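Just so you know, these numbers come straight off a predicted model, no measurement behind them. Numbering of residues begins at 1 and proceeds along the displayed sequence. What you see below is based on every heavy atom in this structure, not just the backbone, and it leaves out hydrogens, waters and symmetry mates.
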Amino acid sequence: MNVDDFLIQHKISNWLLREYTSNNMINIKQFGVTLAVNVEDRKDIAIICRGINWQDIPYILIAVADARRCNHTNKECVVTTISSFITALNKSAQSRENNPIDWLRQANYISNDIVNAKFKNENGSSLAAILIQPEYGVYSSNVGGACIYSSKYSGLTKISMDDVIFNNLDGKSIAISKNQKVRQFIGMGWGLEPHISKIYSLDFDNIILMTDRFDFLNSCQDLFGLFFLNAIGRLSCFNKIVDLSLKPNKTIVIIESPLLCEYNSDYKSERSFIELWDSEGQMNIMVK
């Protein structure tokens, strides 16, 4: 990235590092997206980004990141991950590259390099994202423990590839947190292989992004789906997921399917702006 790109990243980072509450939930109605954050150590982020590609077509990027590997008391590591990822993807979108898979791949690599250079492979972040581009479709990307599910009346289906490794389970059906390790993460340096794919079928009601995988093994996924589908409202759903995950710290994004098919097709904006939303508010950033 050039000097202007680092300036954009710096602006996003400063905004994300501002003071805000540790437990919050917001529904952004124009997108049909709910952001729910229940984190005390401030190492999780959920964010929505809207920008314009080189053809003046809007895109939406929805991402969650989790810096559980980070030893810092603040959330500088996860902020660096998200801010560099957004900046790099927007730059790719404004180039003459038509393939959103390449946008996501390049953004993951650049974010990995920047986090690795800053934290010297000692810290890093999981990252999961959904990219929506009306003329090209819907795409998913994940690295590390952050994961993506789709939901419909028949249950939940995992979209993301699993980077979590379990150790010493002894045949038990529940994995405790200490038995989990991530195979890769943003900031690891050489060898990163982000999982990126196009979602061809949109036959579901919601997409759910989570900063940490569900702590039951796959045999209990039907139970997870039952609790999700029977939750009354988004807050109830979020609380049930936190309870079932066996962890108090969790960040979840719920995307309703109409967004994926027909979101704000009449939206017009300057190509020189990126719009950002998190669980506390909104910000516009001018880019060159």
Side-chain angles (χ1 to χ4, degrees), residues 1-14 16-17 39 41-47 49 61-93 95 97 99-131 139-148 159-167 177-197 209-213 249 251:
M1 296 196 296
N2 58 31
V3 174
D4 289 334
D5 296 327
F6 280 111
L7 179 60
I8 295 167
Q9 181 191 338
H10 181 69
K11 290 179 179 179
I12 297 173
S13 294
N14 283 345
L16 290 172
L17 285 168
V39 180
D41 56 13
R42 303 190 60 181
K43 294 182 181 179
D44 285 21
I45 286 180
I47 197 167
C49 169
L61 178 70
I62 303 163
V64 297
D66 168 17
R68 295 290 157 208
R69 287 182 51 87
C70 184
N71 295 323
H72 293 261
T73 55
N74 60 30
K75 60 175 184 176
E76 185 179 0
C77 182
V78 71
V79 163
T80 302
T81 298
I82 283 284
S83 61
S84 58
F85 183 75
I86 290 173
T87 303
L89 188 135
N90 187 71
K91 183 173 183 177
S92 292
S95 70
E97 173 58 61
N99 190 348
I101 288 180
D102 291 334
W103 302 358
L104 287 165
R105 181 177 294 111
Q106 184 73 1
N108 275 287
Y109 287 151
I110 289 175
S111 181
N112 177 54
D113 289 343
I114 290 174
V115 174
N116 178 261
K118 187 167 186 176
F119 297 100
K120 308 302 181 185
N121 200 29
E122 295 178 358
N123 296 294
S125 175
S126 296
L127 177 65
I130 293 291
L131 174 64
Y139 299 81
S140 68
S141 170
N142 76 283
V143 173
C147 54
I148 307 171
I159 295 176
S160 56
M161 297 291 289
D162 207 338
D163 275 337
V164 174
I165 301 171
F166 292 98
N167 298 316
S177 304
K178 66 182 180 180
N179 292 322
Q180 296 183 11
K181 294 183 179 180
V182 290
R183 182 175 66 84
Q184 59 178 356
F185 54 92
I186 299 294
M188 65 182 282
W190 183 88
L192 181 73
E193 297 180 1
H195 308 295
I196 302 170
S197 62
L209 288 78
M210 303 171 62
T211 52
D212 201 357
R213 62 165 289 142
N249 293 324
T251 295

Partner residues of K91 under the side chain to side chain donor-acceptor pair (under 3.5 Å) criterion, sequence neighbours left out:
D5
Of all the heavy-atom pairs spanning I101 and I196, show the shortest one and how long it is.
CG2-CG2, 3.9 Å
Minimal heavy-atom distance between A107 and A88, with the atoms involved, is CA-CB, 3.8 Å
Taking the side chain as C-beta and beyond, is there a heavy-atom pair between V143 and M188 under 4.5 Å?
no
So for atom CE, which belongs to M161, do other residues, nucleotides or ligands contribute more than 12 heavy atoms lying within a distance under 6.0 Å?
no
Roughly how far apart are L209 CG and I62 CD1, rounded to 0.5 Å?
7.5 Å
Over all atoms of both residues, closest heavy-atom pair of A65 and V78
CB-CG2, 3.4 Å
Hits for side chain to side chain donor-acceptor pair (under 3.5 Å) against S13, two or more places apart or cross-chain, chain-then-number order -> S83
Closest approach of D163 and Q184, non-hydrogen atoms and distance?
OD2-NE2, 3.1 Å
Distance from I186 atom CD1 to Y109 atom OH, nearest 0.5 Å?
10.0 Å
Taking all heavy atoms of S84 and all of S111, pick out the closest pair and write down the distance.
OG-OG, 3.0 Å
Tightest non-hydrogen contact, residues A63 and I82, listed as CB-CD1, 4.1 Å
